[in-house]
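See structure below.
Order of listing sets the numbers, starting from 1, for every ligand and every atom in it.
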Amino acid sequence: MNKHVSPDFKTPTEIREESEDVGRNTSRNPTMGDVINTRYSRRGFLGGSLAVAAIGATVSPLALLSAREAHAAAGSVFDFPEVTAGVDENHHVAEGYDAEILLRWGDKVFADSPDFDPTAQTAEKQARQFGYNNDYIGFVPIDGNSDHGLLLVNHEYTNAELMFPGWAKVEKDSEGKDKVVMGEFTKEIVDIEMAAHGGTIIEIRRTDGKWAPVFDGTKNRRITPDTEMELTGPAAGHDRLKTNADPSGRKVFGTLNNCAGGVTPWGTYLMAEENFHGYFKGELPADHPEAANYERIGVPGGWYNWGNFHDRFDIAKEPNEANRFGWIVEVDVEDPNSVPKKRTAIGRVKHEGCETIVNGDGRVVVYSGDDERFDYVYKFVTAGRYDASDRAANMDLLDEGTLYVARFNADGSLDWLPLVHGEGPLTAANGFNSQADVVIETRRAADLLGATKMDRPEDVQPNQRTGKVYVMLTNNTRRKEGDENPANPRADNAFGHIIEIAESGGDFAATRSTWDILLKCGDPSIAEVGATFSSATTENGWFGMPDNCAIDTAGRLWVSTDGNSGSKTGRTDGLWAVDTEGAARGTSRLFYRVPVGAEMCGPLFNPSGDTLFLAVQHPGDEGLATYENPATRWPDFDAAMPVRPSVVVVTKSGGGVIG
Ligand code: FEO
Ligand code: CA
Ligand code: CA
C-alpha cells in the first residue's frame, strides 16, 4: 500500500526534528539556527552515497598541537589531541585512541541467537538479537573486575524506514516535494519494532586488550515491551493502574522508549521511560477522568501504530494502560529471570535518565530530568540507607522516600520542593487523594508547587568527588522573549545550556542548595548566540544541544550531544571533554564524533577509566533517509547491510586512562 496508516503519521526523523524544533518557525525573524544554517550552507557536506573502505577511526591533520598547548596553558585537566569537527559518513576519535564496534543492531546476544539477515527478519529473531537505537549504557563489573562485566544497553526507539528493505520510499508529495513515504505497518512489522525496543544485558570481557561479547554469558538477557514487570511503590495496585488484562494494577508488560538510565550502588539497572506517550493511539471515552492527566503528558502521541494490533496501546480500549508507563524500571541483572520493578515512588514523567549516588548519611539520591520544553528537574531521596555489605537489603530502597522538584531562584539559591501528598497544594481539593495520585500526575503536582520551567532537562549527573550535579538542558526554541528566567536565560534557546548545582555542603539530600550556569552552548564566534565557552576553546571545541553526560573516574565531565547536524551546525554530534574547575572552567574539546545522521548517547567509563563505551544512535538518519538510501552505511559499509546503530568501545592505543 505504501501509504501512511494515518495521514498525520510522521517518520521518526520528522518527529525528532520537530522535537528539536530548531529554525522551523517561519513566522518569525531568523532564529540563531537559521543564522548557523546560512553560515555553513556553502560547505556542501554530503553527496549521495559515499564510498568508504573500512571502519576506522581517523583524525584530522590540522594543527592539533597548538590547540593542545592552549588547553594546557589554561590549566585543562584533559590532555588529548582534539578531533576536528565536521560531518562525514564515518566516526572519528582523537589521535592515539582506537574506536572499535562492540555490538550492532541485529548482533547475537545469546550463543544460539539467529544470524542477522535484514531481508528475513522476524520478531522471534529480533527478540534474541541486539535491539535498535542503543542509548544508555551501563556496566556492572563481574567480581569487581574492570575487564569483565555486564553491559546494560537501552534500545530507545525504532526507525522502520531504515530497518526494512523496500518498505519506505521517497515519493513526491502534492506540492511536488520529495518526502519519505512509509510502507504498511503490518502486525509483522509492528512486532519486530516491539522486539527491537527495550534493553540488552550482555556479558563482555577484555582479552589481550580486545573487548568482545560473551555470547554464552549466563546473565545475558533481552528485555522488550513483552517482558513481565511489577509495579511497586505508592501507586502499585491503585485503581488508576488497573486494566482488563491486569485487575490487580500491579502487573504490566514491558517498558517503552528507554532513553538514558543508571546503575544503582547495589548493581541494578535503571531504565528510564521517556517518550512513552508516542506509543498510544485512540481517544479516551467521553468525560474520562484521565483526560487532564493525559493532556498534560501528551497521551496519545500517535507516533507508532502498535495499538492497531495490541489493544492495550489504544486508549479507547484500555484507558488506564498509559498510566503504567513513564516510570523508572529497576532490573536485577544478576538473575536473568527476575521480574523488573517499576518504581512508582520516583514519579511518572518523560524521564530522560536516572542517575543515583550514595549520600554521606547512606541515603540514596536519584536525579532525573523530564525531557520536554518547560518541564522540570527532579530528585528522589530514599527513606532507607544503603548497606554495602548486604545487597538484598537494598533491593527495595527505591520504593520509599521523598520526591522533590527543583525551583531555581534568581539569587542563585535552589529549593528542592517536596511532592508529598497532604502538604501544600497537594490535597484532595486539587484532586490528589493519595501519594498515588501525586506520583501518577507528577507534572501537575510540580506545576502547583511552582517549579522552574526548564529548557528540556536531559541527563542530570551527580559528581561524588565534588558534591556538584550537572544538568543538561538541550534546547528550547519555543521560549519567547519575556519568558526567560535566571536558570533559562535565553529566549529562542537553540543550543541549550548546562547548569551546575552545588548541593549544600556536599549533602545530596539537601533541600536548599545553590546553582550556577556552567555553559551556554552554541558557536561562541557568533555574538548573538551568547555562548560562554572559555577563550581556550577552539572552533572544534564548542557544541550545541547537550544531552547525555558522564563523570569519569577522575571526576571529570564529558558531554554528548543530540541535534547537531550538517545542515544545522556544520558538525555532527559527538563527545566533548569539559573542564569545570579553575581557570580552565568552560573549556571544551572534541574527543569523538559520530557518523552523519547519528546522535551521541551512552558515554560511560569502566571503573579503571581505560575504556569508554559510546552508543551511536540513529546513524544515517538525515535528509530523506530510507533502508536503500541512508546517509551512511556505517558501520559495515556493505551494500548488502543496512546502516546499524552500534555500541563503540574506545581505548587508548597501548593502554592507559582515557582523556
Ligand atoms: Fe531520548 Fe531526551 O532524549
Ligand atoms: Ca535528546
Ligand atoms: Ca537523550
Any chance the side chains of Tyr279 and His197 put a donor and an acceptor closer than 3.5 Å?
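A donor-acceptor contact under 3.5 Å links the two side chains.
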
Judged by modelled atom types alone, do Glu500 and Tyr470 share a side-chain donor-acceptor pair under 3.5 Å?
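Note: Glu500 and Tyr470 side chains meet the donor-acceptor criterion.
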
Which label fits Phe313 and Phe325: parallel for a plane angle under 30°, tilted from 30 to 60°, or perpendicular past 60°?
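Judged by the thresholds at 30° and 60°, the geometry between Phe313 and Phe325 is tilted.
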
Using the ring of each side chain (for Trp, its six-membered ring), is Phe78 parallel, tilted or perpendicular to Trp558, with breaks at 30° and 60°?
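Perpendicular: the ring planes of Phe78 and Trp558 meet at over 60°.
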
Angle at the Ca ion (ligand 3): provide the value between OD1 of Asp547 and OE1 of Glu352, rounding to 10 degrees.
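OD1 of Asp547 and OE1 of Glu352 make an angle of 90° at the Ca ion (ligand 3), to the nearest 10°.
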
For atom 1 (Fe) of ligand 1, which N, O or S atom of Glu274 is at the shortest distance?
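This turns out to be OE1.
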
Give the name of the N/O/S atom in Glu156 that lies closest to atom 1 (Fe) of ligand 1.
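This turns out to be OE2.
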
Can you tell me the N, O or S atom of [X] that's nearest atom 2 (Fe) of ligand 1?
| X | result |
| --- | --- |
| Glu458 | OE1 |
| Asp371 | OD2 |
| Glu352 | OE1 |

Please walk me through it: do Arg348 and Asn293 pass side-chain hydrogen bond (donor to acceptor under 3.5 Å, both in side chains)?
CA-CA 11 Å; Arg348 175 173 166 272; Asn293 166 26; 3.2 Å; yes

